[in-house]
Structure formats: structure tokens, C-alpha cells
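Single-structure report; data block below.
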Amino acid sequence: MQIGLLPAAVHDAFVGAGLVVAGAVFTYEVRRRGRSDPRLWCLVAGALVGGLLVSRLAGWARHLDPGRNPNLAEQWLYGGRSILSGLFGAYLGVLIAKRLCRYPWRSGDLFAPAVAAGMAVGRVGCLLTERPGTPTGASWGVTLSAADAARFPGTPAGVPLHPSFAYEIVFQLVALAVLIALRERVSRPDALFTGYLAGYAAFRFTVEFVRGNEVVAAGLSRSQIFLLCCLPLLGWRLRTLARARHEETAWAR
């Protein structure tokens, strides 16, 4: 199937729509769970500011020689955006906002479905404007015209390519359905968000092999190396949750 890519401005429109959808889902979850603390909106502001600031810092340290890398101001003004950096920044933003407004409770159960819904919408913009992925022999591969392929150096025209962003949209929709199904069964508010992050990290590491992003070391892209660096922290969180679950079960006996 041949697709015609749309202008880059369409990407930003879908990113904006994704933020609106995420805000609507977050608001619904706040009301559904009866959480009326106004400091929750400070956490939302922290997530937006953190995500905006950090999303453009992806790929800053491209070279081992620091002198060959742009300074932080140049990177933020002219560098590309990354959803992984944005998620990391949003997470840090919420942690900082909690400290500033002295909000002591967990909030991952509110953010998890909102992030999945927003990502599903935002990735439609990537599907319509960015290089799909690497060549594939699958029947669902998409092809680009010569004019569209020329926008991305090294991308072949008329050759079926993995629709990698469509894969991610499907993942986010499935994740949203799973989160909705589990939200009444999982008692710890932070477990839902940690589980979502673990699932997304595993999916993203795998789909990177067909995204067509630049390979920088050991056959891995920058996104995969970033995910490997985050693996110890994610593993520590999952271990902490598993231990807490075990202790709760032991006390209940």
C-alpha cells in the first residue's frame, strides 16, 4: 500500500490533539476515583513542563568528544524531539512538582491511562509525516513515492516498509485496554504506571529494530541504548513493587 506523507505541521497538530486527549482521560480518572486535591493539577503542570524541556535534549551527547556536541541551548532550540526523552522529562517533572507542592500520594494510576491514550493519538502524526520503517516483505508494508522518500536520506521509494508507528498505535490501544481492565484490581497506585512503563520499554526496544533509526553501537540505536541505561531503575521499581505485594499478602494471612 502506498501512502502519501503529509506536511510536517500535521505532526504538531496530532501531538496537540494527543495532549488534549491525555488531559481529558486524566480528568476523567480524577473524577472517577474521587480525587479532589487541587495539587494534582500542579503535577500535570510539572509533567508538561518537564516533558517539553527534556524532549528536545534527545541525542545531545552524540559524540564522545564534548566539544563536538552542541550546547544545551542549541540542542533545545534546533534538536529533534524524542518521545522517550519527553516521558523521562515528564516523570521528573511530576517528582519535582510533588516536592514543590508537598503532594505526598502516589499518582501513577491517574497518569497511566492518560499517557497511553495520548500517545495513541500523537503517534498518528508520526505515521502520517515520518519515515515508516525498514524494508519488509510483509503484505501490510507501506511504500513511499519518490518525492516522499527523498525527504528521508537512504529511504528507498516503491519498496514496502514496516509501518512502525502503526505498530506503536496498536500497542498503546492494547495497553490502554489492559490498564482499564486492571485499574480496579491493582491496589497500589504506582503499580499501574510502572507496569505500563515496563511494557512500553520492552515494546519500544523491540520495534526499534524495524524503525530504521541510526545504529550507533553494537547494532543498537540511541533509543535502545537509552532504554538499556534505564533498565536497572525499572528493574528496581518492579522488584520494590513485587516485595511490597509479597509483604501485603503475608500480613493478610
Side-chain angles (χ1 to χ4, degrees), residues 1 3 5 8 11 51 54-70 72 74-75 78-92 115-116 119-120 122-123 125-144 148-172 174-175 194-239:
M1 177 179 64
I3 63 170
L5 297 181
H11 181 276
V54 181
S55 65
R56 282 191 177 275
L57 299 183
W60 168 55
R62 289 175 177 270
H63 307 286
L64 294 178
D65 179 4
R68 298 179 60 193
N69 295 317
L72 286 177
E74 291 173 337
Q75 178 65 31
Y78 308 114
R81 288 178 296 186
S82 163
I83 193 63
L84 289 177
S85 297
L87 276 177
F88 183 70
Y91 187 82
L92 287 180
V115 173
M119 293 265 285
R123 280 307 198 192
C126 302
L127 178 65
L128 297 177
T129 61
E130 298 186 19
R131 171 182 167 159
T134 58
T136 177
S139 59
W140 58 81
V142 297
T143 62
L144 299 181
D148 285 331
R151 293 166 54 182
F152 310 102
T155 302
V159 175
L161 304 171
H162 278 287
S164 62
F165 294 111
Y167 300 160
E168 181 158 347
I169 293 169
V170 171
F171 169 83
Q172 297 297 349
V174 171
T194 302
Y196 167 76
L197 287 181
Y200 180 61
F203 165 81
R204 181 61 188 269
F205 187 90
T206 303
V207 84
E208 274 291 312
F209 288 111
V210 299
R211 279 281 295 272
N213 287 333
E214 181 186 6
V215 173
V216 294
L220 302 177
S221 67
R222 288 187 176 84
S223 295
Q224 289 172 312
I225 294 173
F226 173 81
L227 289 168
L228 287 178
C229 293
C230 293
L231 196 59
L233 177 61
L234 195 55
W236 170 76
R237 283 295 303 154
L238 290 173
R239 180 185 173 89

Report summary line: Rounding to 0.5 Å, atoms CG (Leu220) and CG (Asn213) come to a distance of 12.0 Å
Requested in this report: Calculate, to the nearest 0.5 Å, the distance between atoms OG and CD belonging to Ser221 and Glu214 respectively.
Outcome: 9.5 Å
Holding to side chain to side chain contact (heavy atoms under 4.5 Å, CB included), I want the full list of residues that pass it with [X], two or more places apart in sequence or in another chain.
{"X": "Leu197", "result": "Phe193, Leu234"}
{"X": "Val215", "result": "none"}
{"X": "Ala90", "result": "Ala47"}
{"X": "Ala157", "result": "Ala146, Ala149"}

Query - Steps toward side-chain contact (heavy atoms from CB on, under 4.5 Å) verdict (Ile83, Met119) - result: CA-CA 9 Å; Ile83 193 63; Met119 293 265 285; 3.4 Å; yes
Check whether any side-chain heavy atom of [X] sits under 4.5 Å from a side-chain heavy atom of [Y], and report yes or no.
{"X": "Pro156", "Y": "Leu161", "result": "yes"}
{"X": "Leu144", "Y": "Pro132", "result": "yes"}
{"X": "Ile225", "Y": "Val216", "result": "yes"}
{"X": "Thr206", "Y": "Phe171", "result": "no"}
{"X": "Arg204", "Y": "Leu84", "result": "yes"}

Got a sec, which residues hit ring-ring contact (aromatic ring centres under 6.0 Å, His included) with [X], two or more places apart in sequence or on another chain?
{"X": "His162", "value": "Tyr167"}
{"X": "Tyr91", "value": "none"}
{"X": "Phe165", "value": "none"}
{"X": "Tyr196", "value": "none"}

Requested in this report: Quick one: list whatever passes salt bridge (Lys or Arg N to Asp or Glu O under 4.0 Å) with Glu168, sequence neighbours left out.
Outcome: Arg123
Query - Any residue meeting salt bridge (Lys or Arg N to Asp or Glu O under 4.0 Å) with Arg131, in chain and number order, not counting sequence neighbours - result: none
**Report entry** Main-chain N/O of Phe152 paired with Thr155 side-chain donor or acceptor, under 3.5 Å
**Finding:** yes
**Report entry** Donor-acceptor contact present, side-chain Glu208 to main-chain Phe205, <3.5 Å
**Finding:** no
Query raised in the report: What is the minimum heavy-atom distance between Ala138 and Thr136, and which atoms define it?
Result: N-OG1, 3.0 Å
Query raised in the report: Which atom names give the shortest non-hydrogen contact between Pro135 and Val159, and what distance separates them?
Result: CB-CG1, 4.1 Å
Report task. Would you indicate whether Phe88, at its atom CZ, is surrounded by more than 12 heavy atoms from other residues, nucleotides or ligands within a distance under 6.0 Å? Result -> no
Query raised in the report: Under the salt bridge (charged side-chain N to carboxylate O under 4.0 Å, His left out) rule, what pairs show up with a residue in residues 151-162, not counting sequence neighbours?
Result: Asp148-Arg151
